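Below: the structure, in structure tokens.
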Number of protein chains: 4
Amino acid sequence: MTVLQGKGSEQMSMQSVAQEAGVSVGLIYRYFANKEDVLRSVIVGVLEDIEARVPAAILAAGEDPVDQVAAGFDAYCRVIAENSEAAVITYRESSRLSAENRTLIKDLEMGSVQPLGRATQEAVEAGLFAPVDVDLFAYNLVLLAHGWALKSWYFQPQHTVDSYIRGQLALVLSAALTPDHHIEYSRYLTAKED
Amino acid sequence: MTVLQGKGSEQMSMQSVAQEAGVSVGLIYRYFANKEDVLRSVIVGVLEDIEARVPAAILAAGEDPVDQVAAGFDAYCRVIAENSEAAVITYRESSRLSAENRTLIKDLEMGSVQPLGRATQEAVEAGLFAPVDVDLFAYNLVLLAHGWALKSWYFQPQHTVDSYIRGQLALVLSAALTPDHHIEYSRYLTAKED
Amino acid sequence: MTVLQGKGSEQMSMQSVAQEAGVSVGLIYRYFANKEDVLRSVIVGVLEDIEARVPAAILAAGEDPVDQVAAGFDAYCRVIAENSEAAVITYRESSRLSAENRTLIKDLEMGSVQPLGRATQEAVEAGLFAPVDVDLFAYNLVLLAHGWALKSWYFQPQHTVDSYIRGQLALVLSAALTPDHHIEYSRYLTAKED
Amino acid sequence: MTVLQGKGSEQMSMQSVAQEAGVSVGLIYRYFANKEDVLRSVIVGVLEDIEARVPAAILAAGEDPVDQVAAGFDAYCRVIAENSEAAVITYRESSRLSAENRTLIKDLEMGSVQPLGRATQEAVEAGLFAPVDVDLFAYNLVLLAHGWALKSWYFQPQHTVDSYIRGQLALVLSAALTPDHHIEYSRYLTAKED
DNA sequence: GATGAATGAGGCTTCATTCAT
DNA sequence: TATGAATGAAGCCTCATTCAT
């Protein structure tokens, strides 16, 4: 069942969560053991969404590692954008979780970096990317994706998700691509108007 | 006065803040109107630190815009690293502040991006940087600096602040520098062992 | 109907009572007006059991008042032992009942003392018992019977209901019997092994 | 400190406990970790009172074991009478305690029987008491003492604590004393008017 | 100035009760 | 009849805030 559709918002009191979900407080406790369980569920939900959609996007991008990185980042950003409230909750509330749940979330998040890391690694090995620090590069992709949710107030007026993704891809790919391949992938490097 | 030196930690109740600071609850209320005031003070403190040290570092970096960007980013990261608990609090607690205080913090943070933005702009105009999206580039610097505090659990074992700064500079500068100038600034682009 | 067979246990929430009884919560509310009604029913059930079996045991004991007292106490103890959970509930929950129901239960309990009181009275009048305080003596019998349920943790390892009854009878009858009749009723006064 | 002076009453909600004690809810949590802690403290308080006063009374009773039993029972009853609300709480709420605390209370209660048991034992060995089941006899004394609190509604109109103690002593001592010693201890055996 | 005992509103959670199926 | 999902009032507990000392 999908109590908790439009989770998020600002208030995280069980009363307000219930009200927003349009159910009673008591009903939440039929599906979740306690508040921490609700929180974990929301956060893990986003991470599972990422786990489902980012690898899929990479797979659908074909053989080219650069296309894979671009597609993976694109998908990551879109999941975050579609769940930006939940993404923000991750930063705001995860310190309230038990050590166990925090570990769970860390592990899932670290796992979510890996597909991007693998594509990056392949791009490096194929000579398409300069020999960048693969881990750092991949993690930056994740951080930039989160940035859209964390700093929406900063980007929102001037950017849409599309333009944000395009802009960030232009930056990060030009950081990584060897000069020889800039023209080949110029479709990612030119910031188009939106 | 310097009540609230090493606040931070995890607990943000006034009683635990007092205990950690080694003072009584009552004393905090002599210096701060209420909890929100304490929070704002902590957050604004970090931002003022940035406001003081990042421009100073840029100034000290000399005429070269690329050196300025590097020095500014370096300083930004170090302030965050020295106040990582407060930096995390910004993300965790700012949603609990009044609209007014949130606006104040946003303004300060947007202001903190500007020195980095100006240096970036100059680098572009001097032909040292490719024509990147200056705002986005500058904001990414800030986000990556915050990343050190937000994701310490991810980077900590393998990275020190120094290696983190070096690694990130290598990435972001190779993103921006035109191929012609890679050699000139190769000191930033090679990740050295630490 | 016999919803609520082996209620008891520790949990007294309607949901757990229902689960233990193997029925739905809703069904309980078809047979009982509310929780207090369930409670009263459980408690009254035990008292009615006593009201049915103690006089019957006394009747079956024949003419001898001492045998009647012994038989009555024996029966009282056995009803309590067979319903020890419900007996404990009486002590634990009766303060939650309405004044009206508490009065009802008091009256039933006072009534349950009477057959023991009458037999005691006859024993005194027949010169078998010393002139004890009949009310107190009879009530002690009830209290000692309850003691089996209330303090099972104290008696359980060393005593069975049988040995408990035998031991208590030995004590209370030797308290009451005049010295002249000790031998006549020595069958009650010697604690046998079990 | 003595928050919780006149504990007891009927209501055991923290709100009502606070109100009755004339303090705020919050203050209770400065002295007690949680509700269970309050409960345990009340119950243990009575048991410690017994532990203090019953042995003292026995000691003060002199060398005679029968006097000791009488004095011990007298003291036990008076502690219960002075704390009858707390004594009732023991029966009503101890099932809500953690296993650990229940064990603690059992142990204290079993300990509280011992002084009475020892005096009884001595009386038996001195040939003053018939060879009764010492454990059972001693425990009955405790149960009868509790009886005053548990069944106050039954005894109250006709009995004071004094007359209750006198009446019970007459019963239990005549149960135990060998016929030879009835006259010697007749001061305990005759129920006087009150 | 400095303390920390005291307060009580507000948040989490349980559970008696209802009602649509 | 029988079910069990849904409700929401009430209880436990925390913690921002005050104030007598």
Side-chain angles (χ1 to χ4, degrees), chain A residues 1-3 10-19 21-39 93 96-97, chain B residues 1 3 10-39 93 96-98, chain C residues 1 3 10-39 93 96-98, chain D residues 1-3 11-19 21-39 93 96:
Chain A
M1 213 222 39
T2 53
V3 169
E10 289 298 273
Q11 291 282 34
M12 271 305 290
S13 82
M14 292 302 278
Q15 301 294 337
S16 52
V17 167
Q19 186 157 25
V23 297
S24 65
V25 215
L27 189 57
I28 297 180
Y29 284 86
R30 174 169 290 278
Y31 295 96
F32 299 93
N34 47 39
K35 186 177 177 174
E36 172 156 359
D37 197 23
V38 175
L39 236 38
E93 307 289 340
R96 270 107 180 151
L97 300 181
Chain B
M1 209 230 30
V3 169
E10 286 297 275
Q11 287 281 36
M12 274 301 294
S13 80
M14 291 301 274
Q15 349 269 334
S16 56
V17 166
Q19 186 161 25
E20 248 173 84
V23 298
S24 66
V25 226
L27 191 57
I28 296 181
Y29 279 88
R30 178 162 292 278
Y31 291 95
F32 299 94
N34 48 39
K35 185 176 177 176
E36 173 156 0
D37 198 21
V38 175
L39 238 39
E93 307 290 339
R96 271 108 179 151
L97 301 182
S98 69
Chain C
M1 209 228 31
V3 168
E10 286 297 276
Q11 288 282 37
M12 274 301 294
S13 80
M14 292 301 275
Q15 349 270 333
S16 56
V17 166
Q19 186 160 26
E20 248 172 85
V23 297
S24 66
V25 228
L27 191 57
I28 295 181
Y29 279 88
R30 177 162 293 277
Y31 291 94
F32 299 94
N34 47 39
K35 185 176 178 176
E36 173 156 1
D37 197 22
V38 176
L39 237 39
E93 308 288 342
R96 271 109 179 149
L97 301 181
S98 69
Chain D
M1 213 223 39
T2 53
V3 169
Q11 291 282 34
M12 270 305 290
S13 82
M14 290 304 277
Q15 300 294 335
S16 52
V17 166
Q19 186 157 25
V23 297
S24 64
V25 210
L27 189 57
I28 297 181
Y29 285 88
R30 175 169 290 277
Y31 296 95
F32 299 93
N34 47 41
K35 186 177 177 175
E36 171 155 0
D37 197 23
V38 175
L39 236 39
E93 307 289 341
R96 270 110 180 149

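We name chains A, B, ... by the order of the sequence lines, and we start the count at 1 in each one. Keep in mind it's a predicted model, so treat the numbers as computed, not measured.
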Atom [atom1] of [X] and atom [atom2] of [N]: how far apart are they, to the nearest Å?
X	N	atom1	atom2	result
C/E36	E/dC15	CD	C1'	16 Å
D/M14	E/dA6	CE	P	15 Å
D/L39	F/dC13	CG	C1'	16 Å
D/Y29	F/dC15	OH	P	13 Å
D/Q19	F/dA10	CD	P	15 Å
C/R96	F/dG11	CZ	P	11 Å

**Asked** Where are the stems of DNA chain F, defined as at least 3 consecutive Watson-Crick or wobble G-U pairs with both distances under 3.5 Å?
**Response**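 Looking at DNA chain F, the stems formed by three or more consecutive pairs are E:2-21 with F:2-21.
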Can you list the residues that meet the side-chain contact (heavy atoms from CB on, under 4.5 Å) rule with D/Y29, with sequence neighbours excluded?
->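 With neighbours one apart ignored, the set is D/M14, D/V25.
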Pairs under 3.5 Å (N/O, protein and nucleotides 7-9 of chain F):
unit_1 : atom_1 : unit_2 : atom_2 : d
F/dT7  : OP2    : A/S24  : N      : 2.9
F/dT7  : OP2    : A/S24  : OG     : 2.8
F/dT7  : O5'    : A/S24  : OG     : 3.4

Sorted by position of nearest nucleotide on DNA chain E, 5' first, the leading residue of A/S13 and C/N34 is A/S13
For the atom pair [atom1] ([X]) and [atom2] ([Y]), what is the distance rounded to the nearest 0.5 Å?
X	Y	atom1	atom2	result
A/D37	A/I28	CG	CD1	11.5 Å
C/M12	C/K35	CE	NZ	5.5 Å
B/Q19	B/S24	CD	OG	12.0 Å

Treating A/E93 as the side-chain partner and A/L39 as the backbone partner, does any N or O pair qualify as donor plus acceptor under 3.5 Å? no
_Let's see if you can work this out: which of F/dC13, F/dG4, E/dG11 has an atom nearest to the side-chain heavy atoms of A/R30?_
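Ranking F/dC13, F/dG4, E/dG11 by closest atom to the A/R30 side chain puts F/dG4 first.
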OP1, OP2 of E/dA2 versus side-chain N and O of B/Y31: anything below 4.0 Å?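 Answer yes for this pair, as a side-chain N or O of B/Y31 is under 4.0 Å from OP1 or OP2.
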